[in-house]
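Everything on this sheet refers to the single structure shown next.
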Amino acid sequence: MDLPFHVASHLDSALRAAASQLGWADRGFQPEVRVADPAHGDFQANGALAFAKREKQNPRAVAQQMVDALDASVKDQFDLSLAGPGFINFRLKPAALLGWITRHDSEPHLREAAAGERRGQTWVVDYSSPNTAKQMHVGHLRSAVIGEALCRLLTFNGATVIRDNHLGDWGTQFGKLIYAYKRWVDEAALAADAIEELERLYKLGTAATPDDSPALDEARAELVKLQNGDPENVALWKKFSDVSLAAFQQIYDRLGIRFDHNLGESFYNDKLTRVYAELSDTGIAQESEGALVVFHPEHPRFKTQPFLIRKADGASNYGSTDLATAVYRAEHFKADGIVIVTDFRQADHFEQLFLTVRKWFAAKSYRTPELHHVTFGAVTGEDGKALKTRSGDVIRLKLLLDEAEERAYALVAAKNAERPEPERMSDGECRDIARAVGIGAVQYADLAQNRSSNYVFSWDKMLALDGNTAPYLLYAVARVRSIFRKAGLDPAQPPVAGATAPETPQELALARKLVQFADAVQVATDQLRPHFLCLYLFELAGAYSGFYAADKVIVDDPSVRARRLLLCHRTLVTLETGLHLLGLRTLERM
RNA sequence: GCACCCGUAGCUCAAUUGGAUAGAGUAUUCGGCUACGAACCGAAAGGUUGCAGGUUCGAUUCCUGCCGGGUGCGCCA
């Protein structure tokens, strides 16, 4: 029997079958299979320990019985050993490695193999979500980059993914903006760079309408006109949204992002009365100080900290729209899961929101999707403070990406100049490479770190050519491609017939790493943490570099050459597939 | 005041949610290009996992209490 894509779950099934043969299945035996430290094996099963403890048996003996009861095919594919207090170690035999690597030969085939995990599921991913009439700044980067990677991971695992940009396109700030627009708009500036001008007006409007001022009353009047459908104000508001979206798309294009929907807060305007009615009727919401709020008596904090869903003046807020959004996604998109990617400061809000949604849907017998708030830490400068320009302003995302490309270009051009004349690349090619390396470095730096912690932004670290960085991975890709190019071979049609099983320590280490791709993707997706995939790709690139330094690929012996080309090719496929899952563009040369 | 997140090698970070001797990169020291990209590889050294208890075969991980940093807590989103 061929080794399937998911080796860990294959072992899990085999161990469960053995447990059931021993009569342990209904006593709650859990195999607990995971990727092992290479010193011990490729995979390990730890389940014997917990089981033995519960059953008051000797864990070594339990593990030995498990091994004895395992299907013969497992013993054909793995070397088994017991260690320590009762760990079962599995080491793939070279022939099994060769079989797996031979079968998983392209990005489409990897995709097909992984797609069984979430086939038939629909996931709505809500990320980026900037406010219209304002430029995107560095604070918007993580949501966009992490959200896009999660979309790709979920898609890879077989889900239908709906990318929804939940724009901040409604609220009191638009009264102020219209107020300022009508007084101070500079038409020439608007034509030249619309969003720049809108942002200027936005700041003017905010400054001109302090609390309790007559100007604030006028701004509120503009808002009321907008909400009541005044044609002039609605047209202005529409214009603000259009130019904002066009500006956002320029950023998204550079990051490889394309949304299916831009359903901002305004979209839910006419869907709020239902929210108020159903939450009031079911007794989940209550009046308090004139506002409509939800308390959660079972929660230590939210029993007294209210979830405000309608303000005392009758206006909606983001509690209202987020509730309407949740029911829309559940009903219209038939979502099995909803992922919302925002920074950790909104954790309370979404905890309250999810508690409320669950009670609401249960009371009305609506099907409740899985609800996930994917949080991430702040982006700080190297001083640990929020990232700002020297003058103290927020850093615009556009300028940040420009700088990434410029810095990458300087590195690429310098390296290119050192090359011998015939291998030198054109300036245009250098520019193109710099775009992929610079943007990729920014994306990767954000993804490689566990998203819960704060992230220290450092140009030098993200553009370093060594360490866990995009340039290191892209370099590994370029080196594999270079072998094929120099040998005059087409990487789409690698001549790998007659490849023999891996033999040298570096070949074996690389082959084992390749097989673990399935596990890395699964962990990253299930935990909604792309850094697990980053770590894997870094280790894969490291295994390849070790192999490359130790074992020459283009040798005379045809079987050795074929098996090394096979390893090179599968490394290329896996690295590129992984980097594409993260949203990075890969290169031929760099 | 209440709550959440973070605290791991000099620095930047991992540790697959309770598993084996806590791992990488960087910086430091040493070694390797007449091998297909040295933007690389190999090796050494670097630790009381903030502190103090507790739970158990086993704790960076779970519980309690402190210390330090960040954040949130009714009409912004």
Exercise. Would you classify A:S452 as touching base, sugar-phosphate or nothing, given that sugar-phosphate means primed atoms plus P, OP1 and OP2, and contacts are heavy atoms under 4.0 Å?
Key: sugar-phosphate

Quiz item: Looking across every strand, which nucleic acid part, if any, lies under 4.0 Å from A:Q522 by heavy atom: base, sugar-phosphate, or nothing?
Solution: nothing

Quiz item: Reading nucleotides 19-33 of chain B from the 5' end, what letters show protein touch, with B for base, S for backbone sugar-phosphate only, - for no heavy atom under 4.0 Å?
Solution: BB---SSS-------

With respect to the phosphate group of [N], does any side-chain polar atom (N or O) of [X] fall under 4.0 Å of OP1 or OP2?
X      : N     : result
A:H531 : B:U16 : no
A:R479 : B:A38 : yes
A:S453 : B:U12 : no
A:Y472 : B:C41 : yes

Rounded to whole Å, how long is the line connecting atom [atom1] of [X] with atom [atom2] of [N]?
X      : N     : atom1 : atom2 : result
A:L411 : B:C40 : CG    : P     : 12 Å
A:D348 : B:U71 : CG    : C1'   : 9 Å
A:L223 : B:C76 : CG    : P     : 12 Å
A:H166 : B:C76 : NE2   : C1'   : 14 Å
A:H349 : B:G74 : NE2   : P     : 14 Å
A:Q305 : B:C75 : CD    : C1'   : 14 Å
A:F307 : B:G74 : CZ    : C1'   : 12 Å
A:F547 : B:A38 : CZ    : P     : 14 Å

Which listed nucleotide ([options]) is nearest to the side chain of [X]?
X      : options             : value
A:K415 : B:G72, B:U16, B:A39 : B:A39
A:R419 : B:C41, B:C75, B:G37 : B:G37
A:K486 : B:C40, B:C36, B:C76 : B:C36
A:V456 : B:U17, B:U12, B:A38 : B:U12
A:Y548 : B:U71, B:C36, B:A39 : B:C36
A:R345 : B:U16, B:C75, B:U71 : B:U71

Partner of [N] by Watson-Crick or G-U wobble geometry, both contacts under 3.5 Å, or none?
N     : result
B:G19 : B:C57
B:A24 : B:U12
B:A52 : B:U64
B:A43 : B:U29
B:A3  : B:U71

[atom1]-based separation of [M] from [N] [nearest Å]:
N     : M     : atom1 : value
B:A15 : B:A22 : C1'   : 7 Å
B:A24 : B:A44 : P     : 10 Å
B:G42 : B:C33 : C1'   : 14 Å
B:A9  : B:C51 : P     : 10 Å
B:U64 : B:U55 : C1'   : 11 Å
B:U29 : B:G69 : C1'   : 35 Å
B:U60 : B:U21 : P     : 11 Å
B:G23 : B:G47 : C1'   : 12 Å

Exercise. Say whether, by atom type as modelled, one donor and one acceptor occur between the side chain of A:D343 and the main chain of A:G377 under 3.5 angstrom.
Key: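 Not confirmed, A:D343 side chain does not pair with A:G377 backbone.
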
Quiz item: Where the side chain of A:R54 meets the backbone of A:G28, is there a donor-acceptor pair that is under 3.5 Å apart?
Solution: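 Yes, the answer is positive, given that a donor and an acceptor are paired below the 3.5 Å cut-off.
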
Parallel, tilted or perpendicular for [X] and [Y], by the 30°/60° rule?
X      : Y      : result
A:H373 : A:F350 : tilted
A:F517 : A:Y536 : tilted
A:W459 : A:F457 : perpendicular

Quiz prompt | Anti/syn call for B:C51, syn if |chi| within 90° | solution = anti

Practice problem: Would you classify B:U17 as syn or anti? Syn applies when the glycosidic angle is within 90° of 0. | Solution: syn

Exercise. Would you kindly compare A:P300 and A:S316 by the position of their nearest RNA chain B nucleotide and give the one closer to the 5′ end?
Key: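 Upstream on the strand: A:P300.
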
Practice problem: Please tell me which of A:L308 and A:E418 maps to the more 5' nucleotide of RNA chain B, matching each residue to the nucleotide holding its nearest heavy atom. | Solution: A:E418

Does the ring centre of [Y] sit less than 6.0 Å away from the ring centre of [X]?
X      : Y      : value
A:H40  : A:F87  : no
A:F354 : A:H372 : no
A:Y268 : A:H166 : yes
A:F538 : A:Y472 : yes

Quiz item: Please walk me through it: do A:E287 and A:R310 pass salt bridge (Lys or Arg N to Asp or Glu O under 4.0 Å)?
Solution: CA-CA 9 Å; A:E287 295 277 342; A:R310 189 179 62 204; 3.3 Å; yes

